Participant: 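Below you'll find the structure I mean.
Owing to the predicted nature of the structure, the values given are computational and were not obtained by experimental measurement. Values below: all heavy atoms of this structure, side chains included; hydrogens, waters and symmetry mates excluded.
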There are 2 protein chains.
Amino acid sequence: MIDRVSGVPAYRQVASDLRNKIQAGQYAAGDKLPSERQLIVDYGVSRITIREAIGLLRAEGIVTAEHGKGLYVRAGVSVVRLSRSRLSRAARQDNQAFFLGDAEANAFKPTVQTTVRIEEAGLEHADALGIEPGSPVLVRDRVMSADGVVVQLATSRLPRDLTEGTQIEQGDTGAGGIHARLEEAGVVLHHHRESVATRMPTAEEAVLLQLPPGVPVLAVRRTTYDTTGRAVEVNDMTLVGNRYELVYDIPAD
Amino acid sequence: MIDRVSGVPAYRQVASDLRNKIQAGQYAAGDKLPSERQLIVDYGVSRITIREAIGLLRAEGIVTAEHGKGLYVRAGVSVVRLSRSRLSRAARQDNQAFFLGDAEANAFKPTVQTTVRIEEAGLEHADALGIEPGSPVLVRDRVMSADGVVVQLATSRLPRDLTEGTQIEQGDTGAGGIHARLEEAGVVLHHHRESVATRMPTAEEAVLLQLPPGVPVLAVRRTTYDTTGRAVEVNDMTLVGNRYELVYDIPAD
DNA sequence: TAGTGGTCTAGACCACGGG
DNA sequence: CCGTGGTCTAGACCACTAT
């Protein structure tokens with residue numbers, strides 16, 4: 001099974017062979033692969049070599065290992081499409097409300113843990129909000145779960161002078177969320193700017209989001225501006241990469 | 001250095017220790033880490049254990065290995081911001097022209113390889129284009145490089161009946177690209193819909209994009225609609241995750 | 001109890017890079 | 001040439017899952 005003279009490392013040959021079998025449907029999503037010990041016999045290589053091959057497939061996100069059970073072809077996860085063009089005043093909702101509406105549309109049980117605190121703006125966030133470093137900012141940290149599984153982290157930061165005395169500083173911001181409260185306070189929102197990047201999770205995110213190896217995250221920073229061009233909120237969101245798809249509509253002219 | 005009774009695997013302890021030192025600035029971006037053999041001595045564990053620890057850091061994308069040279073803290077790459085709200089008719093540019101303009105703005109030397117072919121629509125693309133499976137589609141494959149490094153793959157698909165006899169079926173689509181040629185042919189574009197997801201690269205993408213382990217890709221599907229609501233183009237783009245950031249502007253109302 | 005993956009060891013030889 | 005990471009071996013014991 002393994003070509004010893006090709007120059008291609010044995011573990012890559014094993015990985016390719018298994019990958020091909022998976023893609024050809026010989027092993028379907030959710031199927032169990034042969035055990036490591038069986039693969040040792042099948043391919044005639046050592047256990048370390050097999051484990052390195054499996055390691056590749058796990059890093060690619062197409063195989064998962066379950067301790068004491070076996071190796072499985074990763075089942076496709078249901079992807080949630082988030083339409084980002086629905087941040088309009090008419091469909092008023094902050095990210096939390098967004099998430100709750102999304103839950104309804106996709107039939108999962110949502111839970112949100114919120115913590116609120118005040119901190120001094122660091123260089124990065126001061127720059128993003130256009131305020132002086134060291135100025136007080138209100139920070140809202142949210143951990144969002146679907147059916148008990150954490151799927152999204154979000155941290156909003158607003159200049160404290162906009163939020164003092166408003167419901168924004170409470171755990172529950174009320175109907176319409178942060179944005180509705182801001183407009184009640186006289187801030188007229190003009191537009192949002194979303195910046196989307198991807199990266200592998202940090203060690204802490206991997207724990208919080210219960211991420212298996214080989215699943216990247218989407219890092220979205222949404223900055224909200226009012227009609228005077230001032231940034232009134234910076235929301236940093238981290239989404240499990242294999243569960244979300246962000247949809248944007250762009251006019252052609 | 002290693003706590004043998006904590007229950008935390010040795011390789012994780014080694015990885016955490018190195019990660020902390022990197023984040024604390026003890027090893028800066030581009031710095032060389034101690035060699036594997038040195039780490040064996042430093043931590044008092046076997047080479048396999050050290051390699052497993054390094055493997056974690058590589059999967060996280062914070063360390064790279066250079067054969068014959070050593071281990072290095074991955075240097076931050078310059079991120080290219082792509083403003084996606086500039087697909088307007090005024091700033092007419094197909095993705096290739098987009099890429100060329102982007103190159104100018106970011107001072108890198110762009111090259112684009114294009115191949116054109118005709119295929120029968122599969123189920124997925126037929127669905128995306130709203131045509132019958134098996135209908136002929138024009139496929140434009142593009143490999144885009146910056147300073148010789150492949151940074152983006154793009155595959156456009158259009159119903160053949162829209163492109164027959166136009167310059168769209170040539171390698172060079174001319175000024176303004178695909179979209180300008182479509183409008184010349186009487187197709188009035190209305191809007192684009194971009195769907196953004198992230199995943200680990202396939203084995204082929206990893207080779208084409210020369211991706212080191214631990215770097216995910218952004219998968220963007222841009223569908224362009226005309227004023228009759230018909231999908232006229234589906235463009236599947238694959239972007240190197242640690243080099244791109246997509247920026248979208250969303251009106252507040 | 002049996003089988004699974006998780007961790008770990010002490011070696012070996014190879015291929016690459018730079019002096 | 002020597003030091004580097006890359007690949008590979010033949011074991012070992014542990015923790016977890018299921019029967």
Participant: Check the phosphate of D:dG6 against B:Arg58, side-chain N and O only, distance under 4.0 Å to OP1 or OP2. Yes or no?
Facilitator: yes

Participant: Among the candidates D:dT4, C:dG5, C:dT7, find the nucleotide nearest to the side-chain atoms of B:Glu52.
Facilitator: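 Of the candidates, C:dT7 comes closest.
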
Participant: If you go through the side-chain atoms of B:Arg47, does one of them form a donor-acceptor pair with the base of D:dT7 closer than 3.5 Å?
Facilitator: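 By the distance-only test, yes, there is a pair.
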
Participant: Checking side-chain hydrogen bond (donor to acceptor under 3.5 Å, both in side chains) for the pair B:Arg142/B:Ser156: CA distance, chi angles, key distance, verdict?
Facilitator: CA-CA 8 Å; B:Arg142 280 158 294 176; B:Ser156 279; 2.7 Å; yes

Participant: Report the distance from atom OG1 of B:Thr155 to atom CG of B:Asn235, rounding to the nearest 0.5 Å.
Facilitator: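 Interatomic distance, B:Thr155 OG1 to B:Asn235 CG, rounded to 0.5 Å: 7.5 Å.
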
Participant: Any side-chain N or O of A:Lys69 below 4.0 angstrom from OP1/OP2 of C:dG3?
Facilitator: no

Participant: Which sits closer to the 5' end of DNA chain D, A:Gly68 or A:Thr49, going by the nucleotide each is nearest to?
Facilitator: A:Thr49

Participant: Kindly indicate, with the supporting measurements, whether the criterion side chain to side chain contact (heavy atoms under 4.5 Å, CB included) is fulfilled by B:Val217 and A:Thr198.
Facilitator: CA-CA 7 Å; B:Val217 296; A:Thr198 183; over 6 Å; no

Participant: Just to be sure I understand the rule, does B:Ile54 reach a base, reach only the sugar-phosphate, or reach nothing, if contact means heavy atoms closer than 4.0 Å?
Facilitator: nothing

Participant: Looking only at side-chain N and O atoms, does B:Arg37 come under 4.0 Å of OP1 or OP2 in D:dT4?
Facilitator: no

Participant: Starting from P on C:dG3, measure out to CG on A:Leu71 and report it in whole angstrom.
Facilitator: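 Distance, rounded to whole Å: 17 Å.
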
Participant: Tell me whether the OP1 or OP2 atom of D:dT4 has a side-chain N or O from B:Ser35 closer than 4.0 Å.
Facilitator: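 Looking at the OP1 and OP2 atoms of D:dT4, one of them is under 4.0 Å from a side-chain N or O of B:Ser35.
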
Participant: Over how many whole Å does the gap from B:Arg51 atom CZ to C:dA10 atom P extend?
Facilitator: 17 Å

Participant: For B:Gln113, look at atom CD and say whether over 12 heavy atoms of other residues, nucleotides or ligands are found less than 6.0 Å away.
Facilitator: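 Atom CD in B:Gln113 is not crowded, with 12 or fewer foreign heavy atoms closer than 6.0 Å.
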
Participant: Within this structure, what is the CD1-to-C1' distance between B:Ile50 and D:dT4, rounded to whole angstrom?
Facilitator: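 Rounded to whole Å, this separation is 15 Å.
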
Participant: Heavy atoms from C-beta onward define the side chain here; which of C:dC8, D:dT7, C:dT4 lies closest to that of A:His67?
Facilitator: C:dT4

Participant: Out of D:dT7, D:dT9, C:dC8, which has the shortest distance to the side chain of A:Val45?
Facilitator: D:dT9

Participant: Rounded to whole Å, how long is the line connecting atom OH of A:Tyr11 with atom C1' of D:dG6?
Facilitator: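 Checked: the OH to C1' distance equals 7 Å.
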
Participant: Which of these passes side chain to side chain contact (heavy atoms under 4.5 Å, CB included) with A:Leu39: A:Ile54, A:Asp17, A:Val45?
Facilitator: A:Ile54

